[in-house]
Every structure is written in C-alpha cells, then in structure tokens.
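To start, the structure under review is shown below, and the notes come after it.
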Amino acid sequence: CSSDLHTLYLDNNAFSGTVDLTQLPSGLQQLYLDNNAFSGTVDLTRLPSGLQFLALENNAFSGTVDLTRLPSGLQDLYLSYNAFSGTVDLTRLPSGLQYLYLYNNSFSGTVDLTRLPSRLQYLYLYNNSFSGTVDLTQLPLGLGILNLALNSGICGNTSSNLPCSLLILPSQCRCTDQSFVVCPAC
C-alpha cells in the first residue's frame, strides 16, 4: 500500500474475514472499518505512528486488546459492539486521546480511572462486565461523559468535587454506601 494514503473508508459494507492492522500504510491517519462483518483478533500495538482515528465498531472482533501501546497521536478509538474480552489498562492511553468507546463488549475486571489523558472528553464503558470500586476523584477536568452503566457490580467513590461538565450515567450499583451521581450543570 502507498504511504500517501491518509484516510481509508471501508465502513458500512458487508466485508468479512480477518484484518491485519500491522500491515497498514505508514502514512495512514484515519481508518474506518466499522459496520462490517470482520472477525478475529486485532493487534493495536503496531499501528501506524501517525494514526489519529480508528473505528472498528460493530463487527465480530474478539480476543483481548492492548491499549498501552497505541500511537501517541491517536485521538479517537471506537471498539464498541464487538466480542472483545479480558481486562483493559486505561492508565497508559495516548495523551491526546479525546474519545474512547469500549461499550457492548465482554471486558471484565476493575477499571482504573486515575490516570486518564487530560484531553479525554468521552469515555463509554457501559454494558461490559467490569466490577469493583471505581475512583472518580482524579478525572480529567474536560471529561464530558463517563458511562459506566450496565456493568456487573461496579461502584464509585465520589468523595471530591467532580467537574461540573461531567455527566456520569448511573450504573446498577450494588454497593450500599456508594453510588454514582449526576453532576448538576454549572
């Protein structure tokens, strides 16, 4: 493939089979593979260094994903509506990441929200199998939406002031002394 290719739109088709993301053109900045029938696992550790946008939503991808070695300039990552599983490490995301959509998968384990990128605006983690207590005291000031709904037994610690712009959509919390809140508009 030519390294002059900057954007590749293959979304909204009936493409199937597996995808090797390690063989993408080096100059690729945006990749749209969403709304197809792709399957198999994906390797997110060797994406092109200049990739800024990656949409893999609404396919049949499975397996685990490593979010710790994403390209430093990645701003948007959409992995929702697949069959991904395992734990996710949110502590080493790219500093410029603004949108992270991981909902409607089978991710599990605890969620560490204490070291999210300062530019993160939307974080959708709903309808997975995350559990445990989530520390909400160190969220980025610009975070507008954090959706943790429909996880199994996830609870939150809201002991400090949350950014007024933040909307935390409620989950089905089973803890008796902690719950998520909706921050009123400033």
Side-chain angles (χ1 to χ4, degrees), residues 18-22 31 33-47 51 54-71 74-95 97-117 119-140 143-159 162 166-182:
T18 60
V19 176
D20 185 355
L21 297 177
T22 67
L31 178 59
L33 298 178
D34 47 310
N35 300 309
N36 281 292
F38 290 120
S39 60
T41 60
V42 294
D43 182 355
L44 301 179
T45 65
R46 297 187 333 193
L47 297 170
L51 192 68
L54 179 59
L56 302 178
E57 289 180 301
N58 201 21
N59 281 286
F61 292 120
S62 60
T64 60
V65 293
D66 183 351
L67 302 179
T68 65
R69 294 190 287 162
L70 296 169
L74 190 67
Q75 298 173 12
D76 302 83
L77 180 59
Y78 301 95
L79 301 179
S80 301
Y81 288 102
N82 281 289
F84 292 120
S85 60
T87 60
V88 292
D89 183 350
L90 301 176
T91 64
R92 297 189 304 176
L93 297 170
S95 62
L97 191 67
Q98 297 176 29
Y99 303 96
L100 180 58
Y101 288 53
L102 301 178
Y103 60 91
N104 286 323
N105 279 289
S106 296
F107 292 119
S108 60
T110 58
V111 178
D112 185 348
L113 302 178
T114 62
R115 290 184 276 170
L116 295 174
R119 293 184 180 173
L120 192 64
Q121 297 176 26
Y122 297 99
L123 179 57
Y124 286 92
L125 301 175
Y126 69 87
N127 202 20
N128 280 287
S129 295
F130 293 120
S131 60
T133 301
V134 178
D135 184 350
L136 301 173
T137 63
Q138 299 178 52
L139 297 174
L143 188 63
I145 294 179
L146 169 59
N147 191 333
L148 296 165
L150 301 175
N151 280 287
S152 57
I154 196 167
C155 300
N157 174 358
T158 59
S159 62
L162 296 173
L166 179 65
L167 169 65
I168 302 176
L169 301 176
S171 76
Q172 296 174 341
C173 183
R174 292 190 172 92
C175 294
T176 57
D177 59 345
Q178 298 171 329
S179 63
F180 293 114
V181 300
V182 175

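It should be emphasised that the depicted structure is a prediction, and the values quoted were computed from it without experimental measurement.
With hydrogens and angles ignored, the 3.5 Å screen pairs a side-chain donor or acceptor of Asn105 with a backbone N or O of Phe84. Distance alone, capped at 3.5 Å, is enough to place a donor-acceptor pair between the Asn151 side chain and the Leu125 backbone.
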Before you tell me yes or no, could you show the steps for Tyr99 and Gln121 under side-chain contact (heavy atoms from CB on, under 4.5 Å), namely the whole-Å CA-CA distance, both residues' side-chain angles and the distance that decides it to 0.1 Å? CA-CA 6 Å; Tyr99 303 96; Gln121 297 176 26; 3.3 Å; yes

Run Leu56 and Leu54 through side-chain contact (heavy atoms from CB on, under 4.5 Å) and show every step you take. CA-CA 7 Å; Leu56 302 178; Leu54 179 59; 3.9 Å; yes

Hey, mind stepping through Thr133 and Ile154 against side-chain contact (heavy atoms from CB on, under 4.5 Å) and telling me if it holds? CA-CA 6 Å; Thr133 301; Ile154 196 167; over 6 Å; no

Report the C-alpha distance between Leu33 and Leu21 in whole Å, list the side-chain angles of each, state the deciding distance to 0.1 Å, and finish with yes or no for side-chain contact (heavy atoms from CB on, under 4.5 Å). CA-CA 11 Å; Leu33 298 178; Leu21 297 177; 4.2 Å; yes

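The ring-ring contact (aromatic ring centres under 6.0 Å, His included) search around Phe38 returns none, not counting sequence neighbours. Partners of Ser131 under the side-chain hydrogen bond (donor to acceptor under 3.5 Å, both in side chains) rule, at least two apart in sequence or in another chain, do not exist in this structure. Shown here are the salt bridge (charged side-chain N to carboxylate O under 4.0 Å, His left out) partners of Asp43, two or more places apart in sequence or in another chain: there are none.
Between Tyr101 and Tyr103, the ring-plane angle classifies as tilted under the 30° and 60° cut-offs.
Of the inter-residue distances, the one linking Arg115 atom CZ with Gln138 atom CD reads 9.5 Å to the nearest 0.5 angstrom. The distance from atom CD of Glu57 to atom OH of Tyr81, rounded to the nearest 0.5 Å, is 8.5 Å.
Of all heavy-atom pairs between Pro117 and Pro140, the closest is O-CG, 3.2 Å. Contact detail for Pro71 and Pro94: the closest heavy-atom pair is O-CG, 3.3 Å.
A heavy-atom distance below 4.5 Å is found between the side chains of Leu116 and Leu123.
No hydrogens or angles considered: nothing links the side chains of Asn59 and Asn82 as a donor-acceptor pair under 3.5 Å.
For the side-chain contact (heavy atoms from CB on, under 4.5 Å) with Leu90, the lone residue among Val111, Leu97, Thr114 that qualifies is Val111.
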